[in-house]
Amino acid sequence: MSGPSDDQIIESVRLYRESLAETKAFYFEAAELVRGSYGWLGQGLSDAESFAQQMDDLHQGFLMKVFAAVVPDASAKSLEQRQMGRALLEHLWGKSVLGSQLHEAVDWLINAAADFQWDELVRPFTELPDLRNHWGELETLAMRMANLLTNVDGNVSVADNANIASMKRQFDQARGRAPDNLTRQADTDNARAAIDWLRDEAKRLRGDAISANVGKPTPTAGPGRSPQPASPQRSTPKTTTTETSEDVRTPEQRLEDAKAKLDRLIGLDNIKDQIQTLTNFLAMERKRQELDLPTSRPSLHMAFVGNPGTGKTTVARIIAEIYGALGVLEKGHLVETDRSGLVAEFAGQTGPKTNAKIDEALDGVLFVDEAYTLIDESGQDQYGREAVQTLLKRMEDQRERLVVILAGYPNEMNAMIRSNPGLSSRVGTTMHFADYNPESLCRIFELMASKAKYQLPTESRRRLLRGFTYLYAKRDRHFGNGRTARNSFERSVRRLANRLAEIKDITRDLLTTLQGDDIEVAGVDSAHLKAMAAKPGKVRIECNGVAQVVDDHCLGTEITCDDCGEPYFADWGEPVIELEAEPEPSSEAKR
């Protein structure tokens with residue numbers, strides 16, 4: 001069997017370098033989420049290295065582990081895989097490794113990674129909800145690099161496929177432990193432990209573990225250089241300086257960043273309008289205060305009502321950031337909880353437990369999910385009643401330092417607020433989160449795919465729209481909304497990985513295109529999805545506010561507007577349900 005051409009090897013190495021850079025950027029983005037959303041969980045963060053530096057160290061261990069998972073035997077690596085190892089070492093150390101040093105350095109890389117555990121390398125993504133939402137992107141990057149490493153020498157063996165399958169199982173096992181939100185005390189404790197572990201593990205990956213795995217000095221990059229100690233030498237990006245542990249943005253920049261996050265959210269137009277109005281009012285009041293004019297401050301406590309997965313927690317976090325930027329709240333952080341985080345098991349303990357959670361949220365926002373569970377219809381739940389009374393008192397006494405957002409299903413939340421005069425008088429705003437329609441679910445899917453550098457051709461778009469339309473039509477109050485789109489994306493990426501495992505020559509197009517047969521919609525049988533997509537269909541799309549109906553085979557293509565005659569890209573549209581024509585009356589009926 002002839003090996004790959006030089007051009008094919010060069011292209012594979014280029015794609016691999018690109019994936020290494022994307023992984024680094026991905027971890028830095030994760031660091032920002034950790035610092036912004038969970039900084040309150042860590043102790044003494046101002047004295048520790050920045051989250052960005054810690055995640056940088058963690059991403060390097062992750063890359064090493066992916067390489068070693070595909071090339072577990074240092075003596076069995078091919079020449080082409082050594083070239084991929086050189087690209088990885090250059091990424092880690094910031095220097096080239098050539099000649100005889102390359103062979104030794106790649107051996108070190110494989111042996112050093114043996115001490116790393118998958119569970120530890122991905123732990124922040126399994127125990128911190130905001131990072132858990134990006135799990136699909138992490139797994140995508142790992143599988144993409146694994147496929148490149150396996151196919152670079154043109155010889156995909158049974159052992160290679162077994163190594164990739166083993167890595168996928170490790171991901172599956174780790175993923176199963178992730179919570180959706182920090183609503184239980186156990187989840188909060190796990191998240192706090194994950195933050196503490198992140199600091200310690202970053203130090204270990206940087207020094208002790210690597211030194212323990214190397215029996216002799218590891219060569220550094222460049223010809224003619226003397227061997228250096230084992231720890232890899234790397235250039236520190238500007239974004240990883242210790243100053244990044246503190247937010248150096250001006251209030252205006254923080255406000256613009258928060259508003260930009262809100263604008264990027266799919267749908268939620270009514271929510272965006274409400275928040276914009278509230279933001280404008282608070283900004284006006286701040287300016288009036290600066291000019292010593294009379295001001296008023298309405299109740300900022302809110303109720304978020306809607307089904308799961310409609311973006312309530314995400315919007316709450318953005319509101320906290322807006323309040324922090326406007327100076328309404330000093331910190332502007334978000335603390336999530338539910339009944340288990342407020343109510344104790346024994347008499348006399350609920351008050352202190354609720355107060356402790358409120359203290360955690362002071363100068364920020366306390367987000368209480370499924371808040372209606374604190375009040376039962378029978379009125380016999382004395383513990384829940386104690387938690388509510390404690391919460392009401394603090395909402396009033398410390399209204400300058402605390403904003404409470406109560407969230408849950410619409411009917412239950414409305415009943416809860418109506419049943420308690422204290423709540424109804426303090427909750428000044430109610431925001432209604434509607435279910436995402438099929439077009440919005442498709443856009444959420446595409447947003448995740450775009451961040452992972454995936455393209456969606458026409459057939460993929462048709463299948464997604466058909467699948468989400470089917471789920472939306474038969475939805476109930478437990479409809480997954482955004483979570484359904486996320487689960488569908490993760491499943492589709494796995495189907496792609498399985499398809500690529502059987503292909504020898506991996507190209508950029510193969511790695512970045514989710515074909516129709518790769519698409520899986522969570523909750524829809526694959527055969528059913530394919531059958532639905534086989535039927536003709538139409539969508540309603542808009543060009544400059546003018547709606548027109550086109551064949552859904554136009555999705556993902558450029559078409560010409562019937563109204564203005566200008567070309568535009570038909571990304572998504574509202575599915576059009578065509579009713580069957582009424583049959584002609586029979587001759588007997590006419591008589």
Side-chain angles (χ1 to χ4, degrees), residues 37-38 40-41 127-129 177-194 299-309 312-313 316-317 320 333-399 401-428 430 433 477-478:
S37 299
Y38 305 110
W40 58 273
L41 287 171
E127 295 185 3
L128 299 175
R177 293 190 295 273
D180 284 325
N181 294 291
L182 298 183
T183 53
R184 298 184 301 120
Q185 184 60 45
D187 293 336
T188 301
D189 292 341
N190 288 341
R192 181 177 283 109
S299 173
L300 298 180
H301 306 303
M302 301 179 180
F304 283 6
V305 299
N307 292 329
K312 296 188 291 294
T313 307
R317 187 167 290 109
H333 65 294
L334 183 80
V335 174
E336 301 172 47
T337 190
D338 68 349
R339 178 185 172 92
S340 65
L342 303 174
V343 176
E345 298 179 1
F346 303 102
Q349 295 182 348
T350 292
K353 186 173 183 178
T354 302
N355 279 316
K357 184 60 68 174
I358 294 172
D359 290 341
E360 205 172 81
L362 282 179
D363 299 315
V365 173
L366 179 65
F367 181 82
V368 185
D369 199 15
E370 297 183 343
Y372 54 84
T373 60
L374 294 172
I375 297 179
D376 68 342
E377 296 181 359
S378 67
Q380 301 301 312
D381 182 8
Q382 58 178 349
Y383 296 161
R385 190 164 60 250
E386 182 182 0
V388 171
Q389 293 305 316
T390 303
L391 187 61
L392 286 172
K393 187 175 188 305
R394 296 290 295 274
M395 287 168 68
E396 181 63 29
D397 294 348
Q398 295 184 297
R399 58 184 179 275
R401 297 185 61 192
L402 176 71
V403 170
V404 175
I405 298 179
L406 307 174
Y409 288 110
N411 293 339
E412 287 83 345
M413 288 302 302
N414 292 334
M416 173 188 181
I417 294 174
R418 286 198 305 268
S419 67
N420 190 302
L423 279 177
S424 59
S425 64
R426 288 172 175 81
V427 175
T430 298
F433 289 72
R477 63 188 309 212
H478 303 296

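When reading the values below, keep in mind they use all heavy atoms of this one structure, side chains included, and skip hydrogens, waters and symmetry mates.
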M395 versus R426, closest heavy-atom pair with distance: CE-CB, 4.0 Å
Just how far is it from atom CG of N307 to atom CZ of R477, taken to the nearest 0.5 Å? 7.5 Å
Return the orientation label for the Y372 and Y409 ring planes: parallel under 30°, perpendicular over 60°, tilted otherwise. tilted
To check you understand the geometry: which heavy-atom pair defines the closest contact between A303 and V427, and what is its length? N-CG1, 3.6 Å
Within-4.5 Å side-chain heavy-atom neighbours: T313 and D369: no
Would you say T373 and V343 make side-chain contact, with heavy atoms under 4.5 Å? no
Min side-chain heavy-atom separation T350-K353 under 4.5 Å: no
Given side chains that start at C-beta, do those of L402 and L366 come closer than 4.5 Å, heavy atoms only? yes
Closest non-hydrogen atom pair, A320 against V365: CB-CG2, 3.6 Å
Residue pair S299 / G428: nearest heavy atoms and the distance that separates them: OG-N, 3.7 Å
Interatomic distance, CG@L423 vs CZ@R418, rounded to 0.5 Å, equals 12.5 Å
Ion pair present between D359 and R394, side-chain N to carboxylate O less than 4.0 angstrom? yes
Could you pull out the closest heavy-atom pair between Q349 and A344, with the gap in Å? CB-CB, 3.3 Å
Sidechain-backbone polar pair: H333 side chain, E360 backbone, donor-acceptor under 3.5 Å: yes
For a 4.5 angstrom cut-off between non-hydrogen side-chain atoms, does M416 reach N420? no
In a check of side-chain contact (heavy atoms from CB on, under 4.5 Å) between K357 and each of V368, L342, L391, which one passes? L342
Distance from L392 atom CG to T354 atom OG1, nearest 0.5 Å? 11.0 Å
At their closest point, which heavy atom of S419 faces which heavy atom of P421, and how far apart are they? O-CD, 3.7 Å
I want to check something: taking the side chain as every heavy atom from C-beta on, are R317 and E336 in contact at a cut-off of under 4.5 Å? yes
So how far is it from M302 CE to T430 OG1, rounded to the nearest 0.5 Å? 10.0 Å
